[in-house]
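Only this structure's heavy atoms are used, side chains among them; waters, hydrogens and symmetry mates stay out.
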Amino acid sequence: MPARGYAGDVKILQGWTLVVLLAWQAAPLAAQPLNWRVCVTDIVVPPYLHNNPHRLGVAERLLIDAGEAVGLRVELLRLPPLRCRLMLDSAQVEATLAAPTAQNMAELGFPLRNGAVDRTRRLAHLRLLWAKKSGRDLDWDGQHLLGAEPAALVVGTRVTMRAAIEVLQSQGFKVDSAALNTRQLLGKLLAGRVDLAVGIEEDLRHAISVSKMQDLILLPQPFLAVDYYAAIAPGLVPAQRELAERWWAEITRLRELPPYRPN
């Protein structure tokens with residue numbers, strides 16, 4: 001009897017040893033952060049996005065640091081907006097940057113509260129401005145275009161810039177959204193292929209200064225002020241969506257700290 005009891009104790013001890021070893025081996029794997037790819041597009045919107053992996057903007061740092069805090073290793077992809085959208089639709093990336101337009105809301109995942117987009121969990125608040133050729137007698141009073149009827153004008157935007165496109169079309173403007181980048185958009189404006197252009201303020205200022213397009217003017221009153229979010233792909237599983245909720249909460253917490261403020 002004592003011998004059999006001893007043998008049983010040994011087996012129990014061996015069993016517990018195996019459990020401990022398996023747990024020890026699994027612990028490092030469980031602690032590894034989950035890789036998430038976020039397509040931030042290739043636009044330059046200082047101080048938010050610098051389109052330079054060696055000089056991160058405040059929004060880029062916010063995406064990465066908030067991800068790290070919740071167990072995500074965020075990789076930023078700087079690609080044209082159309083390619084970002086295609087990669088999102090084909091589940092090659094987990095998230096992108098987007099404004100909560102009607103179409104984006106139907107296709108992407110945004111942080112919500114009581115069925116509406118939760119503004120407290122935005123990534124950045126940006127202004128969209130008009131650009132025109134100098135000498136063109138057109139102005140914007142903050143609500144209406146002065147100098148021409150909307151239906152008589154063609155307004156250019158970058159491709160997939162839904163925040164501007166939907167509002168422009170609702171106001172009766174004809175929209176040319178074929179430009180693949182901001183330099184191409186402004187080139188169309190200079191060539192007279194569009195009458196006005198709309199884009200993100202910082203991106204327009206950067207493109208005008210770099211390309212030395214002195215014949216272009218930005219109207220001071222913004223056409224639109226837009227919140228941008230880290231919007232997630234529609235096909236994420238519940239566990240990934242839970243991670244996204246924690247990511248958004250951490251973005252909210254960090255965004256108000258000095259290292260992540262635009263000024």
Side-chain angles (χ1 to χ4, degrees), residues 37-46 48-52 57 59-60 76-110 123-124 126-133 150 153-211 213 216 218-219 222-234:
R37 300 205 296 173
V38 181
C39 204
V40 295
T41 77
D42 59 350
I43 64 175
V44 178
V45 189
Y48 299 98
L49 305 172
H50 285 153
N51 193 23
N52 182 345
E60 292 167 307
L76 302 181
L77 303 182
R78 298 169 178 85
L79 301 169
L82 184 58
R83 187 173 173 191
C84 280
R85 184 51 63 106
L86 291 174
M87 292 182 73
L88 196 75
D89 294 342
S90 59
Q92 296 181 64
V93 297
E94 282 73 31
T96 189
L97 306 189
T101 65
Q103 188 172 357
N104 283 342
M105 289 287 291
E107 296 175 357
L108 305 174
F110 287 83
L123 185 70
L126 302 175
R127 303 197 319 165
L128 307 187
L129 294 189
W130 298 95
K132 71 171 186 176
K133 290 179 68 173
L153 300 175
V154 178
V155 180
T157 73
R158 286 179 55 135
V159 66
T160 75
M161 197 170 189
R162 292 174 176 172
I165 294 169
E166 290 186 11
V167 177
L168 287 166
Q169 290 176 336
S170 73
Q171 295 187 4
F173 291 99
K174 300 172 186 175
V175 179
D176 178 342
S177 59
L180 298 177
N181 55 60
T182 302
R183 184 173 181 177
Q184 186 181 76
L185 171 62
L186 297 180
K188 295 172 75 169
L189 180 58
L190 282 171
R193 293 169 58 191
V194 297
D195 300 293
L196 290 162
V198 168
I200 296 172
E201 178 179 4
E202 293 85 355
D203 189 28
L204 291 175
R205 293 191 188 281
H206 174 80
I208 289 172
S209 65
V210 170
S211 302
M213 300 179 180
L216 297 183
L218 298 182
L219 302 184
F223 167 63
L224 200 60
V226 183
D227 290 328
Y228 280 81
Y229 296 81
I232 59 175

Exercise for the section: Not counting sequence neighbours, which residues clear ring pair (Phe, Tyr, Trp, His ring centres under 6.0 Å) with Y228? List them please. Expected result: none
Fill in the blank from the handout: Here the pair of heavy atoms bringing A59 nearest to L49 is CB-CD2, 4.2 Å
Exercise for the section: Not counting sequence neighbours, which residues clear side-chain hydrogen bond (donor to acceptor under 3.5 Å, both in side chains) with D227? List them please. Expected result: R119, H125
Problem - Spacing of E202 atom CD and I43 atom CD1 [to the nearest 0.5 Å] - result: 9.0 Å
Problem - Worked check of side-chain contact (heavy atoms from CB on, under 4.5 Å) between Q103 and E107 - result: CA-CA 6 Å; Q103 188 172 357; E107 296 175 357; 3.3 Å; yes
Problem - Under 3.5 Å: donor-acceptor pair, side chain of K188, backbone of V194 - result: no
Problem - Least distance between heavy atoms, F110 atom then N104 atom - result: CE1-O, 3.5 Å
Completion exercise
Residues passing the ring pair (Phe, Tyr, Trp, His ring centres under 6.0 Å) test with Y48, sequence neighbours excluded, are none
Practice task
Before accepting this row, confirm whether a basic side-chain N of the pair D176/R158 lies closer than 4.0 Å to the acidic partner's carboxylate O.
Solution key: no
Problem - E166 side-chain N/O to R162 backbone N/O, donor-acceptor pair under 3.5 Å - result: no
Problem - P80 to D42 - nearest heavy-atom pair and separation - result: CA-OD1, 3.6 Å
Exercise for the section: Grab the two heavy atoms, one from E94 and one from L88, that are nearest each other, plus how far apart they are. Expected result: C-CD1, 4.2 Å
Practice task
Work out which heavy atom in L224 is nearest to a heavy atom in A163; give both atom names and the distance.
Solution key: CD2-O, 3.3 Å
Completion exercise
Residue set satisfying side-chain hydrogen bond (donor to acceptor under 3.5 Å, both in side chains) with R127, at least two apart, ordered chain then number -> E201
Exercise for the section: For the pair R85 and L108, evaluate side-chain contact (heavy atoms from CB on, under 4.5 Å) and give the outcome as yes or no after the intermediate values. Expected result: CA-CA 10 Å; R85 184 51 63 106; L108 305 174; 3.6 Å; yes
Problem - Neighbour count >12 (heavy atoms, 6.0 Å) for atom CZ, R83 - result: no
Exercise for the section: Report yes if some heavy atom in the side chain of R78 is under 4.5 Å from a heavy atom in the side chain of T41; otherwise report no. Expected result: no
Exercise for the section: Please check if the side chain of N51 supplies one atom and the backbone of V44 the other of a donor-acceptor pair under 3.5 Å. Expected result: no
Problem - Test side-chain contact (heavy atoms from CB on, under 4.5 Å) applied to L189 and L216, step by step - result: CA-CA 8 Å; L189 180 58; L216 297 183; 3.7 Å; yes
Fill in the blank from the handout: side-chain hydrogen bond (donor to acceptor under 3.5 Å, both in side chains) filter on D195, not counting sequence neighbours, yields R136
Completion exercise
Rounding to 0.5 Å, atoms SG (C84) and CG (L97) come to a distance of 8.0 Å
Problem - Under 3.5 Å: donor-acceptor pair, side chain of E60, backbone of G57 - result: yes
Completion exercise
For A164 and T157, the nearest pair of non-hydrogen atoms, with its separation, is CB-CG2, 4.2 Å
Exercise for the section: Could you give me the CA-CA distance, side-chain angles and deciding distance for L128 and V226, then say whether side-chain contact (heavy atoms from CB on, under 4.5 Å) is met? Expected result: CA-CA 7 Å; L128 307 187; V226 183; 3.9 Å; yes
Problem - Q92 side chain to S90 side chain, donor-acceptor N/O pair below 3.5 angstrom - result: yes
Problem - Residues forming a side-chain hydrogen bond (donor to acceptor under 3.5 Å, both in side chains) with R37, sequence neighbours excluded - result: none
